[in-house]
Protein chains: 2
Amino acid sequence: MKKKFYDFCKKNNLKVTPQRIEIYKIVINSKEHPSLSMVYKSVKKKFPNISIDTVYRTLRKFVEIGIVKEVENYEDFRRYDGFTENHHHFHCIKCYKIFDIPYNEVGKLSINDFFNKNFEILDYKIILKGICKKCKSKKENTKNPLGF
Amino acid sequence: MKKKFYDFCKKNNLKVTPQRIEIYKIVINSKEHPSLSMVYKSVKKKFPNISIDTVYRTLRKFVEIGIVKEVENYEDFRRYDGFTENHHHFHCIKCYKIFDIPYNEVGKLSINDFFNKNFEILDYKIILKGICKKCKSKKENTKNPLGF
DNA sequence: CTTTTTGCAAAGCGTTTGCATTGAA
DNA sequence: TTCAATGCAAACGCTTTGCAAAAAG
């Protein structure tokens with residue numbers, strides 16, 4: 001684990017600083033998939049003077065080099081849906097469009113027993129990512145249709 | 001559709017204003033699951049003087065009364081994950097913890113043919129929501145473990 | 001020694017709030 | 001005529017940026 005960290009840093013020309021080591025440890029050891037403010041509070045125990053932007057920059061770096069991932073259901077902007085029945089979504093990574101997918105167009109999901117014993121599942125969503133038909137036939141897509 | 005809107009407004013003591021009608025139309029008719037700024041740009045065509053906070057307030061109201069939904073993968077804060085292998089997540093709605101779920105603990109998803117013909121699926125994530133074992137045995141959970 | 005990283009402060013930007021005015025019922 | 005909604009401006013909170021000092025390699 002420590003080796004993995006050093007390797008990633010070396011490979012990506014990142015200097016290994018005590019702050020980075022500590023932030024990495026916190027993310028790895030946390031069972032809660034911490035938010036930034038949680039990481040910040042935690043690092044401060046060891047480095048009371050650390051500034052919050054160091055945490056921001058460090059986590060961004062970690063995501064960039066792939067040693068840490070962002071939990072999937074975060075996007076920069078809220079988006080709205082007038083179709084209020086329960087359904088899934090397909091996200092096109094090229095044009096940023098989101099397509100509604102009715103339940104029956106995706107195979108039914110069967111949750112296994114172990115899982116059902118430990119969690120009460122109220123709802124689930126399948127989020128598919130890929131490229132829509134239109135974008136597959138285009139060379140490139142430069143325009144951002146969302147207007148930002 | 002128009003009737004649905006009037007009914008929802010009446011039931012929830014919302015006044016039917018031209019701005020609200022227009023915003024609702026935009027969300028309903030958009031195929032793109034618009035972001036706020038896209039809605040804003042769109043309403044401005046009809047109401048050049050509309051202020052952005054009206055759009056904010058209106059969309060919030062709509063979500064509140066349930067006539068519009070927020071696309072699921074939006075959360076207020078980024079959260080981080082040191083487990084970089086591909087896996088699913090279970091979100092506890094009580095304690096806000098996110099649990100890692102290996103692929104094999106959830107039944108395999110079979111995508112049907114229609115779907116595969118129209119979309120190139122690069123990845124999919126199953127996001128389960130519910131209540132974890134610990135929270136099921138508790139009466140209430142007042143503490144927010146994420147630190148915000 | 002050179003180059004990156006840190007901490008600080010200020011700026012940026014999406015979102016929310018207070019308030020007087022306007023408009024729906 | 002009453003009470004909610006709008007538009008405006010200011011405030012708010014999370015995130016980013018510029019820069020000099022400090023630390024890593």
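Convention: sequence-line order gives letters A, B, ...; per-chain numbering from 1. For the numbers below, each heavy atom of this structure counts, side chains included, while hydrogens, waters and symmetry mates do not.
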- [ ] Round to the nearest Å and state the distance from B/F77 atom CZ to D/dG13 atom P.
- [x] 11 Å

Task: Under 3.5 Å donor-acceptor, A/H33 side chain and B/I98 backbone - done: yes

- [ ] Please determine, by modelled atom types, if A/K44 and A/Y40 share a side-chain donor-acceptor pair under 3.5 angstrom.
- [x] yes

TODO: Would you mind telling me which of C/dA9, D/dA4, C/dT6 lies closest to the side-chain atoms of B/K15?
DONE: D/dA4

TODO: Quick one: list whatever passes ring-ring contact (aromatic ring centres under 6.0 Å, His included) with B/F119, sequence neighbours left out.
DONE: A/F90, A/F99, B/F115

TODO: Looking only at side-chain atoms of B/R20, point me to the closest of D/dC14, D/dC8, D/dT6.
DONE: D/dT6

TODO: For D/dC8, take OP1 and OP2 only and decide whether either is under 4.0 Å from a side-chain N or O of B/S51.
DONE: no

Task: Residues in contact with DNA chain C, drawn from residues 60-68 of chain B - heavy-atom cutoff 4.0 Å - done: B/R60

- [ ] Quick one: label B/N49 by what it contacts on the DNA or RNA (base, sugar-phosphate, nothing), any heavy atom closer than 4.0 Å.
- [x] sugar-phosphate

Open item on the list: Please give me the minimum heavy-atom distance between B/V39 and B/V55, naming the atom from each residue.
Closed with: CG1-CG1, 3.9 Å

Open item on the list: Between A/K11 and A/D7 (salt bridge meaning N to carboxylate O under 4.0 Å), is one present in this structure?
Closed with: no

Open item on the list: Between P on D/dT16 and OH on A/Y40, what's the gap in Å once rounded to a whole number?
Closed with: 15 Å

Task: Expected output: side-chain B/S42 to main-chain B/M38 donor-acceptor under 3.5 Å - done: no

Task: Side chain of B/Y56 - closest among D/dG25, C/dC8, C/dG14 - done: C/dG14

Open item on the list: Please compare B/D53 and B/P18 by the position of their nearest nucleotide in DNA chain C and report the one closer to 5'.
Closed with: B/D53

Task: Per A/T17 side chain, nearest of listed nucleotides D/dA24, D/dT6, C/dA24 - done: D/dA24

Open item on the list: Taking ring-ring contact (aromatic ring centres under 6.0 Å, His included) as the definition, give me every residue that meets it alongside B/F83, ordered by chain and number, with sequence neighbours left out.
Closed with: B/H87

TODO: Could you work out which one of D/dG7, C/dT6, D/dG25 sits closest to the side chain of B/I50?
DONE: D/dG7

Open item on the list: Just the rounded figure in Å: distance from C1' of D/dT6 to NZ of B/K44.
Closed with: 15 Å

- [ ] Round to a whole Å and report the spacing from CZ of A/F47 to C1' of C/dT5.
- [x] 13 Å

Task: Heavy-atom donor-acceptor pair, A/R57 side-chain to C/dG7 base, under 3.5 Å - done: yes

Open item on the list: Measuring to OP1 and OP2 of C/dG7, would you say a side-chain N or O of A/Q19 lies under 4.0 angstrom away?
Closed with: yes

Task: Results of side chain to side chain contact (heavy atoms under 4.5 Å, CB included) for B/I65 - residues two or more places apart only - done: B/F8, B/N12, B/L14, B/I67

Open item on the list: Applying a 4.0 Å non-hydrogen cut-off, can you work out what A/L14 is touching in the nucleic acid: base, sugar-phosphate, or nothing?
Closed with: sugar-phosphate

Open item on the list: Rounding to an integer number of Å, can you tell me how far B/R78 CZ sits from D/dG13 C1'?
Closed with: 15 Å

Open item on the list: Between P on C/dA10 and CD1 on A/I52, what's the gap in Å once rounded to a whole number?
Closed with: 17 Å

TODO: May I have the distance from A/N12 (atom CG) to C/dT4 (atom C1'), rounded to whole angstrom?
DONE: 14 Å

Open item on the list: Going by the rule side chain to side chain contact (heavy atoms under 4.5 Å, CB included), which residues pair with B/E120 if we only count those two or more places apart in sequence or in a different chain?
Closed with: A/I131, A/K136, B/L122

TODO: Can you pull out how bent the helix from C/dC1-D/dG25 to C/dA25-D/dT1 is, comparing the axes over its first five and last five pairs, to 10°?
DONE: 40°

Open item on the list: Can you measure B/Y80 atom OH to D/dC14 atom C1' for me and round it to whole angstrom units?
Closed with: 11 Å

Task: Check: B/D100/B/H88 side-chain N/O donor and acceptor closer than 3.5 Å - done: no

